[in-house]
Structures are given as C-alpha cells and as structure tokens.
Colleague: 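Below is one structure. I have some questions about it.
We name chains A, B, ... by the order of the sequence lines, and we start the count at 1 in each one.
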2 protein chains.
Amino acid sequence: MPRPTKSQPERGDARSRLLEAARDVIRTKGFAATTVDDLCKAAGVTKGAFFHHFKSKDALGVAAAEFWAETTSQFFEGAPYHLPDDPLDRVLAYIAFRREIISDDIPAFTCLVGTLAQEVHATAPEIRDAAGASIFGHSETLEADIEAAIKAREITPDSWSAASLARHFQTVLQGGFILAKAGNDPDLARDAVDHLDRYVRLLFGLEPSKGETT
Amino acid sequence: MPRPTKSQPERGDARSRLLEAARDVIRTKGFAATTVDDLCKAAGVTKGAFFHHFKSKDALGVAAAEFWAETTSQFFEGAPYHLPDDPLDRVLAYIAFRREIISDDIPAFTCLVGTLAQEVHATAPEIRDAAGASIFGHSETLEADIEAAIKAREITPDSWSAASLARHFQTVLQGGFILAKAGNDPDLARDAVDHLDRYVRLLFGLEPSKGETT
DNA sequence: TCAACAATACCGACTGGTTGGTATTATGTC
DNA sequence: GACATAATACCAACCAGTCGGTATTGTTGA
C-alpha cells in the first residue's frame, strides 16, 4: 500500500493546505483580490472546510500571518548564517543569505506579511498587527548578533542602535521587493541587498565586498 | 456671485476629482478593496461620470498612477532641495526633505504607486508598468546630482552607480512606508530615512549628521 | 471487543448583498 | 442643434458567508 502523497489531500490537513494556499495565492494576487473560492480551489478543499477552520476571510488572514511567522522563523533558525564565530560575520552572512534566496520568481521570494501590512494597514488592524509581529519579531532575532558585532569590533554608533539597524534590514528587503515588483525584475531586489551589505560594511569600518556588480 | 468652491463639484472636473479621490482612497484601502462606488462617493460624482472618463476600473488605476507621476514630479521640481550649490548638499537636502514630509497620517505620506505595484504586479501589468514608470522616473531625477557629487567629491564608487544609488533611495523610502504601516508608526519611516542619510554620508566620506536620534 | 455515543472534519448547494459595467436619459456649452 | 459631460436606472456575475447534512475519528463503559 503506497503512502499518501502530498498532493492527494488527506483528512485532517485541510487547514494547513489552506494556509499554504494563502501564502502562495495572496503573494501573487494580494489579499483583497484573493477570493475564498480561490483559496479552496488552490488547496483542493471545499468552502465548508474553509469556514470550518476559519470563521471569516479576515481570520484566515491573521492565521496566514501567524503561519508565516512560524514557518519563516524555523527556516531562518536552520539557515547556515549562524555558523561563523565572529558576530559581524554572522550579520554579513545573514545579508548574503537573504541575497541568495532571491529567485527568479517574484511571488516565491517576496514577503507575505509585507504584502498584507501594506494592503490592510488601515482596514484590518488584526491582520496588520499579526503581520507586524512577524516582521518585527524577525528583526529582533538579528539584534543580538549586531550588538555583539558592535562590541567585538569596538565601534561606537553615532546615533543608531542594534534594534534600529535590524529593523533597517527589513526596510531594505521590503523596499527591494517593492522595486522588484514595480520593475518586474528580481535583480532590483538583489541590488537593494547589495547596498545594505555595503552600508553595514561602512558602519563597521570594513573594506567593500568585491563580488557585487550593482 | 461667489466663485464656485472646490467642494462644490463643477461641470468638467469630474475626471480630476476622481483621480484625487483615487489617490486618497487607494492609499488608505488599497486598489482591490476600493470599489468604483467608493471613488464616486469620495469624488462626489456618479457612476455615469466615472465610466464616461475611464473605460474600466483598471484604466482608472493606470490614470491614477500617471496622475501621481505628474503631480509628484511637479511637487519635487518646486521643492527647495535643488537650491544648494554643491551637488552632494542637494542630495542630502533631498533626503532631509523626504524626512520632513513624513507626517503623522500614514496614508497622507505613503506612496500610491508603491501600493499599486505591490498589489497588482502579477495581475494588472498595465497598472504595474505605470506605477514602475513613476517610481523609476522619479529616481532618475536624482541621478544627475549624485553623479555630480561623485565627481565633485572625487570619490570612486567600488561597485555602485548613480542610477543604482538613486533607485536605492526609493527602496529605502518604500521599505520605510511598509514598516510604518506594519508598526502603525510613522517614526519607523523616519528611521529608515535617517539610515539612508547615514549611508550616503558614509559613501561620500562625510561625518555623520548630528540631529538624528534613531 | 465492541457497541453506543460524541466530537471533529468536511461537503456543496444556496443566499442576500455587492460589484464592475451598461443603457438610457438629461443638461449645460459652443 | 450638436457635442461633451454627467445623472439615473439597471443588470448579470460574483462574493463572503450559511446551513443541513455526511463521513471519519475518538471516547466511554460493560
């Protein structure tokens, strides 16, 4: 008897299938333009299943943001940029990693919660706050390494903090995603990350990296 | 006989009233969540007027992006950051100006075409391209000053160009808008601009600015 | 071990309201 | 009266959400 495959829906996984569908469809079409039927079709479930697991479309939006926070934090926890002994090397490895995972498919590398926050910031506070928690929660995971790098490299920030710089990483990434979408060109996101790399090296008094051709 | 006021609609201005309404409503609710009736109500016109001037909702989206491009380019042409004699001073004055115009009302200072591009990048190429033309058209207006600053300050960019740095200005601004929305706090956009200011000063070998408290 | 029951998961037809868009008519201007 | 502009009335498609019902899984007690 063959084990059930992932594409063959199995009883009990409708909720997670819907969340995965939401992650993919909303990044492509946006939240408002995505219908409940779109999500059901993409997940291979019916409307009954949808409203069994989520009391409204907005509730799915919140759950999708939370799902994104969980899955991405696991993904980044397991990523190799934590390996270097030197904290600044870890910070630069994070930036290099973020550059590497920019693929050719725009919806595949852009940020669900950035999209959600942009779209619903004034109309659906619960979704906005869940999206914000994901973004700022992730930036907080960078603060310790930045703080350690400041100490290890013996620099004295003029008027910025580890927390502020960590948030700026997200700023540049989110902005890079917008430009990539506007220009329909993933290279624009890569350019953004290259400038971020250069900024951090300048802040810490390092030589510029060689590999970039912005 | 009193002159007609702006709030009293006059024959012939339905189109521009709709474009102004689109600018304000779409920045708040997003494009997909904004209905044609929303726009008619905000503009004080009827549906007949809407579809007289725009053959579809998407056509209005394109026109709104073009309207944004026109009005913002006029706004920035008339702004005082062009006054300094030194080109790098003009570049830094641009950044300072962008910081100044960040108000407390998020929809009032965020970017219509960034919102549009994010939302419709994969579903409405005409709107996306009109939005992209606005963003990249604006960044191109900065290139001459950056280029002149490179020459005047006799620096040799390691692997960046004036065009790439000009685009990065838009990256940081767009990203700052996303974080401001996600955190529901305009200060997050101001922090982004402060980091951009610091980056440019570092690139050109200047001392950090004093006034910031990021 | 197994019936009896309960809880959970899921299905899909249906509904009431909304949406983008159209057809027709009215009005002001040259 | 010809033309652009704009108001009214209307429509078919679509939307989020409901509801009655079924299938599967879990629990309980003898």
Side-chain angles (χ1 to χ4, degrees), chain A residues 1 3-4 6-22 25-26 28-65 67 116 119-120 123-127, chain B residues 1-22 25-26 28-65 67 116 119-120 123-127:
Chain A
M1 208 101 134
R3 303 277 341 257
K6 202 126 172 239
S7 54
Q8 286 293 348
E10 214 184 342
R11 190 182 176 81
D13 64 353
R15 184 187 150 90
S16 60
R17 290 176 65 87
L18 281 165
L19 290 172
E20 285 165 18
V25 178
I26 293 172
T28 304
K29 301 180 58 171
F31 181 73
T34 298
T35 69
V36 173
D37 282 329
D38 284 340
L39 295 171
C40 293
K41 199 173 176 184
V45 304
T46 61
K47 240 177 179 176
F50 184 99
F51 285 102
H52 173 72
H53 289 288
F54 307 103
K55 79 171 213 292
S56 67
K57 190 190 170 189
D58 272 22
L60 168 113
V62 173
F67 177 71
L116 282 174
E119 217 175 321
V120 306
T123 52
E126 300 113 38
I127 301 176
Chain B
M1 209 73 156
R3 300 283 336 263
T5 69
K6 200 122 170 241
S7 54
Q8 285 293 347
E10 210 185 344
R11 193 179 177 80
D13 64 351
R15 183 187 152 90
S16 59
R17 289 176 65 88
L18 280 164
L19 290 172
E20 285 165 18
V25 179
I26 294 173
T28 304
K29 301 180 59 170
F31 181 74
T34 298
T35 68
V36 172
D37 281 331
D38 284 340
L39 295 171
C40 293
K41 200 173 176 184
V45 303
T46 60
K47 246 179 171 176
F50 184 100
F51 284 101
H52 174 73
H53 290 288
F54 308 102
K55 78 172 213 293
S56 66
K57 189 191 172 190
D58 272 22
L60 168 115
V62 173
F67 177 71
L116 282 174
E119 217 174 323
V120 305
T123 52
E126 300 110 39
I127 302 176

Colleague: With nearest nucleotides of DNA chain D determined for Lys55(A) and Thr35(A) from heavy-atom distances, which residue corresponds to the more 5′ nucleotide?
Modeller: Thr35(A)
Colleague: Taking side chain as C-beta onward, heavy atoms only, is Phe54(B) less than 4.5 Å from Arg15(B)?
Modeller: yes
Colleague: Would you verify whether the NZ or CZ of Lys57(B) falls within 45 degrees of the ring axis of Phe50(B) while also being under 6.0 Å from that six-membered ring's centre?
Modeller: no
Colleague: Round to the nearest Å and state the distance from Phe51(B) atom CZ to dT22(C) atom C1'.
Modeller: 9 Å
Colleague: Strictly distance-based, threshold 3.5 Å: is any side-chain N or O of Glu119(B) a donor or acceptor partner for the main-chain N or O of Glu119(A)?
Modeller: no
Colleague: Could you give the side-chain donor-acceptor pairs of residues 37-44 of chain A under 3.5 Å, partners two or more places apart or in another chain?
Modeller:
| residue | atom | partner | partner atom | Å |
| --- | --- | --- | --- | --- |
| Asp38(A) | OD1 | Thr35(A) | OG1 | 3.4 |
| Asp38(A) | OD2 | Lys29(A) | NZ | 2.8 |
| Asp38(A) | OD2 | Thr35(A) | N | 3.1 |
| Asp38(A) | OD2 | Thr35(A) | OG1 | 3.2 |

Colleague: Nearest-Å distance, CZ (Phe54(B)) to P (dT22(C))?
Modeller: 15 Å
Colleague: Rounded off to whole Å, could you give me the NZ-to-P distance for the Lys57(A) and dC14(D) pair?
Modeller: 16 Å
Colleague: Nearest-Å distance, CG (Leu39(A)) to P (dC15(D))?
Modeller: 12 Å
Colleague: Might you point out which heavy atoms bring Phe31(A) and Val120(A) nearest each other, and give the distance in Å?
Modeller: CD2-CG1, 4.1 Å
Colleague: Nearest whole Å is fine: how far is dC10(D) P from Phe50(B) CZ?
Modeller: 22 Å
Colleague: Would you give a per-nucleotide map of nucleotides 8-14 of chain C, 5' to 3', where B means the base has a protein non-hydrogen atom under 4.0 Å away, S means only the sugar-phosphate does, and - means neither?
Modeller: BBBBB--
Colleague: Between atom NZ in Lys41(B) and atom P in dA7(D), what is the gap in whole Å?
Modeller: 16 Å
Colleague: With Ser56(A), which residues qualify under side-chain contact (heavy atoms from CB on, under 4.5 Å), at least two apart?
Modeller: Asp58(A), Ala59(A)
